Amino acid sequence: MTKTGNTEGDDGTTVRISLIGGARLEGAEIHGRTLTASLIGGADIDLTEVDIPDGAELRITKLSLIGGVHLRVRPDVRVVVTGIRLGGVSDDGPTAPGGPTVHVAAWGLLGGVRVSRG
């Protein structure tokens, strides 16, 4: 069971809620702010095809008891991870200074944040 809600415009908020099972988001499903919440389940988010202008910021919040975040971004995107969870952060960082920024706030009991670039 997943509930999705979007507000109008690019600065809207995407909300994904499920009891069991993760969320998969990509492309047009991503807005300026994204919230995904579940009891058990991670978030698989692909931003490689999203045109994020230099200096722009996207905010992603992940709430779950068990479940991490796998985030795919372009090489020029800066990723800032905050929140409290048991699990580390795997990110080799952007290859160039500047560029857009994605803020990931991951809150939960178990689950890390893994960033893939490509």
Side-chain angles (χ1 to χ4, degrees):
M1 175 172 132
T2 299
K3 179 180 180 182
T4 304
N6 294 334
T7 59
E8 296 296 322
D10 290 340
D11 292 334
T13 300
T14 300
V15 177
R16 284 283 180 90
I17 300 172
S18 65
L19 294 177
I20 297 176
R24 182 175 183 84
L25 295 165
E26 58 189 355
E29 297 175 300
I30 305 296
H31 290 84
R33 293 180 181 269
T34 299
L35 169 67
T36 176
S38 62
L39 288 176
I40 299 173
D44 186 12
I45 303 170
D46 187 351
L47 300 177
T48 55
E49 300 297 321
V50 177
D51 183 26
I52 309 169
D54 282 352
E57 295 185 358
L58 292 180
R59 296 194 175 273
I60 298 169
T61 303
K62 172 67 172 113
L63 306 169
S64 65
L65 288 178
I66 300 172
V69 177
H70 180 206
L71 178 66
R72 285 183 290 288
V73 295
R74 297 186 325 258
D76 65 327
V77 175
R78 243 181 95 226
V79 177
V80 177
V81 179
T82 59
I84 298 174
R85 72 225 157 268
L86 294 176
V89 176
S90 172
D91 181 12
D92 57 3
T95 57
T101 301
V102 175
H103 293 270
V104 179
W107 301 91
L109 187 59
L110 294 173
V113 177
R114 181 170 45 116
V115 179
S116 301
R117 297 175 183 278

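Keep in mind that this is a model prediction, so the values were computed, not measured.
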Straight-line distance of R59 CZ to T101 OG1, nearest 0.5 Å: 9.0 Å
Applying salt bridge (Lys or Arg N to Asp or Glu O under 4.0 Å), run through R117 and D76 and close with a yes or a no. CA-CA 9 Å; R117 297 175 183 278; D76 65 327; over 6 Å; no
Can you tell me how far apart CG (L58) and OG1 (T34) are? Round to the nearest 0.5 Å. 7.0 Å
Is the number of heavy atoms from other residues, nucleotides or ligands under 6.0 Å of R78 CZ greater than 12? no
When you measure from the side chain of R74 to the backbone N and O of L47, does any donor-acceptor pair fall under 3.5 Å? no
Is there a chain of hydrophobic side chains (I, L, V, M, F, W, Y, each step under 4.5 Å between heavy atoms) that links V80 to L63? no
Hey, does T48 have a side-chain heavy atom less than 4.5 Å from the side chain of V50? no
Run the side chain to side chain contact (heavy atoms under 4.5 Å, CB included) test on L35 and I17 for me, step by step, so that the C-alpha distance in whole Å, both residues' side-chain angles and the decisive distance to 0.1 Å come before the verdict. CA-CA 8 Å; L35 169 67; I17 300 172; 5.8 Å; no
Report yes if some heavy atom in the side chain of V79 is under 4.5 Å from a heavy atom in the side chain of V89; otherwise report no. no
Minimum heavy-atom separation for D54 to G99, with atom names? OD1-CA, 3.4 Å
Check whether R85 reaches the backbone of L65 with its side chain - one donor and one acceptor, N or O, closer than 3.5 Å. no
Separation between CZ of R72 and CG of D44, rounded to the nearest 0.5 Å: 4.0 Å
Hey, are R114 and D91 close enough for a salt bridge, meaning a charged N less than 4.0 Å from a carboxylate O? no
Interatomic distance, OG@S116 vs CD1@I45, rounded to 0.5 Å, equals 12.0 Å
Close side-chain approach of H103 and T61, heavy atoms under 4.5 Å: no
Spacing of L39 atom CG and I20 atom CD1 [to the nearest 0.5 Å]: 7.0 Å
Take atom CD in E49; do more than 12 heavy atoms of anything else shown fall under 6.0 Å from it? no
Could you pull out the closest heavy-atom pair between P53 and P100, with the gap in Å? O-CB, 3.5 Å
Can any side-chain N or O of R16 pair as donor or acceptor with the backbone N or O of L25 at less than 3.5 Å? no
Could you check whether S38 and K62, counting side-chain N and O atoms only, form a donor-acceptor pair closer than 3.5 Å? yes
